Amino acid sequence: MRFSHALRLGIGAVAIAVAATGCGGGNDAGDQAKEGKLTIGIKFDQPGLSIRDANGSFRGYDVEVAKYVAGRLGVRPEDITFKEAPSAQRETMIMNGEVDFVVGTYSITEGRKEKVDFAGPYFVAGQALLVQMANTDITGVESLTGNRKVCSVKGSTPAQNIKDNYAKDIQLLELDTYSQCVDKLRSGAVEAVTTDDIILAGYAGLAPGELKLVGATFSVEKYGIGLKKGDRDTREKINDAIEQMVIDGSWQRAFESTIGPLGGSTLTPPIIDRY
Ligand code: GLU
């Protein structure tokens with residue numbers, strides 16, 4: 001499994017304080033950036049990727065990507081307002097202008113592209129399973145037989161994949177956030193949590209010796225930056241920013257300082273889809 005190194009080594013997170021100021025608006029992201037401020041939708045509870053500390057600061061890989069892109073659009077970190085964008089609300093929040101864009105483990109899909117546009121991808125993940133360390137019967141998605149209880153998040157691609165392809169073997173519990181699912185796993189109310197490997201690695205890293213990822217990945221999740229449909233200009237600027245982030249080494253550094261060292265150089269930046 002791709003993130004086994006990250007799991008073994010734990011999650012080396014770097015605290016980066018981002019002041020929350022400013023407010024959202026109905027204009028497109030380009031107009032907002034011209035005014036020197038942006039409202040960006042992210043997750044608040046995904047360790048390694050995007051987590052909100054008790055003091056209100058944000059850190060993680062998605063936060064670093066968001067800050068870098070904002071910077072290339074001329075917006076300083078202190079002029080970014082981060083807003084929580086739960087999986088099921090991302091398209092709506094973009095469409096109604098609550099956020100200028102979303103950097104939140106957000107897979108590019110054809111269905112979502114009917115409502116929003118995507119810059120990127122900036123990362124490629126894959127659906128996996130998280131179980132308790134002591135569990136020996138769940139070894140991968142093919143071992144999930146006999147109506148097992150599995151948790152995932154409403155409006156996410158992993159939940160949809162289970163409903164479309166594994167419904168007869170799995171009893172799916174859908175909650176609002178992955179941290180709620182992880183609580184259910186810890187208490188024994190469900191036997192597994194399913195979503196992208198990178199997200200699960202973050203939770204496992206927080207609970208070493210308690211939770212583990214199992215099996216091979218069983219989907220391809222290309223993370224994009226979601227923005228208003230039709231805003232081609234901003235999409236191209238964000239694409240340029242992601243490319244620049246890779247070229248100048250910030251992309252690799254952001255990953256290594258947040259998700260944790262992968263050991264070796266298996267981390268390959270994805271090719272931007274300029275549609
Ligand atoms: N990448 C998947 C998705 O966009 C799962 C992660 C998430 O829910 O944020 O639905």
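No hydrogens, no waters, no symmetry mates; every other heavy atom, side chains included, goes into these values. Keep in mind the model is a prediction, meaning the values are calculated, not measured. Note that ligands are numbered from 1 as they come in the structure, with each ligand's atoms numbered from 1 the same way.
Salt-bridge formation is detected for the pair Asp53/Arg59: a Lys NZ or Arg NE/NH1/NH2 atom is positioned less than 4.0 Å from an Asp or Glu carboxylate oxygen. With respect to the salt-bridge test (charged N to carboxylate O, under 4.0 angstrom), the residues Asp176 and Lys154 qualify. A salt bridge between Lys237 and Asp233 is present, with a side-chain N of the basic residue lying under 4.0 Å from a carboxylate O of the acidic one. Salt bridge Glu243/Arg274: present, at least one basic N to carboxylate O contact under 4.0 Å.
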Could you go step by step and tell me if Lys222 and Asp273 meet the salt bridge (charged side-chain N to carboxylate O under 4.0 Å, His left out) rule? CA-CA 10 Å; Lys222 294 185 178 176; Asp273 176 16; over 6 Å; no
Begin from the C-alpha positions of Asp62 and Ser50 and carry the test side-chain hydrogen bond (donor to acceptor under 3.5 Å, both in side chains) through to its verdict. CA-CA 6 Å; Asp62 272 349; Ser50 179; 5.5 Å; no
Candidate pair Glu256 and Arg253, rule salt bridge (charged side-chain N to carboxylate O under 4.0 Å, His left out), full reasoning: CA-CA 5 Å; Glu256 282 168 0; Arg253 275 197 301 278; over 6 Å; no
With side-chain hydrogen bond (donor to acceptor under 3.5 Å, both in side chains) as the test, would you mind laying out the steps for Thr39 and Glu98 before giving the verdict? CA-CA 8 Å; Thr39 302; Glu98 250 180 277; over 6 Å; no
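If you number the atoms of ligand 1 from 1 as listed, the ones under 4.0 Å from a heavy atom of Tyr223 come out as 1 (N). Shown in contact with Lys43 at under 4.0 Å from a heavy atom are these atoms of ligand 1, numbered in order with element: 7 (C), 8 (O), 9 (O). Which parts of ligand 1 touch Gly104 is read off a 4.0 Å heavy-atom cut-off, strictly below it: atoms 9 (O). Ligand-side atoms of ligand 1 in range of Ser156: 8 (O), 10 (O), range being under 4.0 angstrom from any heavy atom. Remark: ligand 1 atoms within the under-4.0 Å shell around heavy atoms of Asp196 are 1 (N), 2 (C), 5 (C), 6 (C).
Ligand 1 has at least one atom lying under 4.0 Å from a heavy atom of Arg90. In this structure, Gln160 does not count as a contact residue of ligand 1, since none of its heavy atoms falls inside 4.0 Å of the ligand. Distances from ligand 1 to the non-hydrogen atoms of Ile199 include at least one value under 4.0 Å. Heavy atoms of Arg112 approach ligand 1 to within less than 4.0 angstrom.
By the criterion of a heavy-atom distance under 4.0 Å, the side chain of Ser87, and not its backbone, is placed next to ligand 1. Contacts of Thr195 with ligand 1, taken as heavy-atom pairs under 4.0 Å, involve the side chain alone. Residue contacts with ligand 1, taken as heavy atom pairs separated by less than 4.0 Å, involve Pro158 solely via side-chain atoms from C-beta onward. Contacts of Lys222 with ligand 1, taken as heavy-atom pairs under 4.0 Å, are absent altogether.
Taking only nitrogen or oxygen atoms, main chain and side chain alike, Tyr178 reaches within less than 3.5 Å of ligand 1. Inclusion of Tyr106 in the set of residues having an N or O under 3.5 Å from an N or O of ligand 1 is not warranted. Ligand 1 has an N or O atom lying under 3.5 Å from an N or O atom of Ser107, backbone or side chain.
Protein heavy atom in closest approach to atom 3 (C) of ligand 1: Thr157 OG1, 3.3 Å.
The aromatic ring centroids of Tyr106 and Tyr122 lie 6.0 Å or more from each other.
For the pair Lys83 and Phe44, the cation-pi criterion (under 6.0 Å, within 45° of the ring axis) is not fulfilled. Annotation: cation-pi pair Arg235/Tyr275 present, NZ/CZ under 6.0 Å from the ring centroid and within 45° of its normal.
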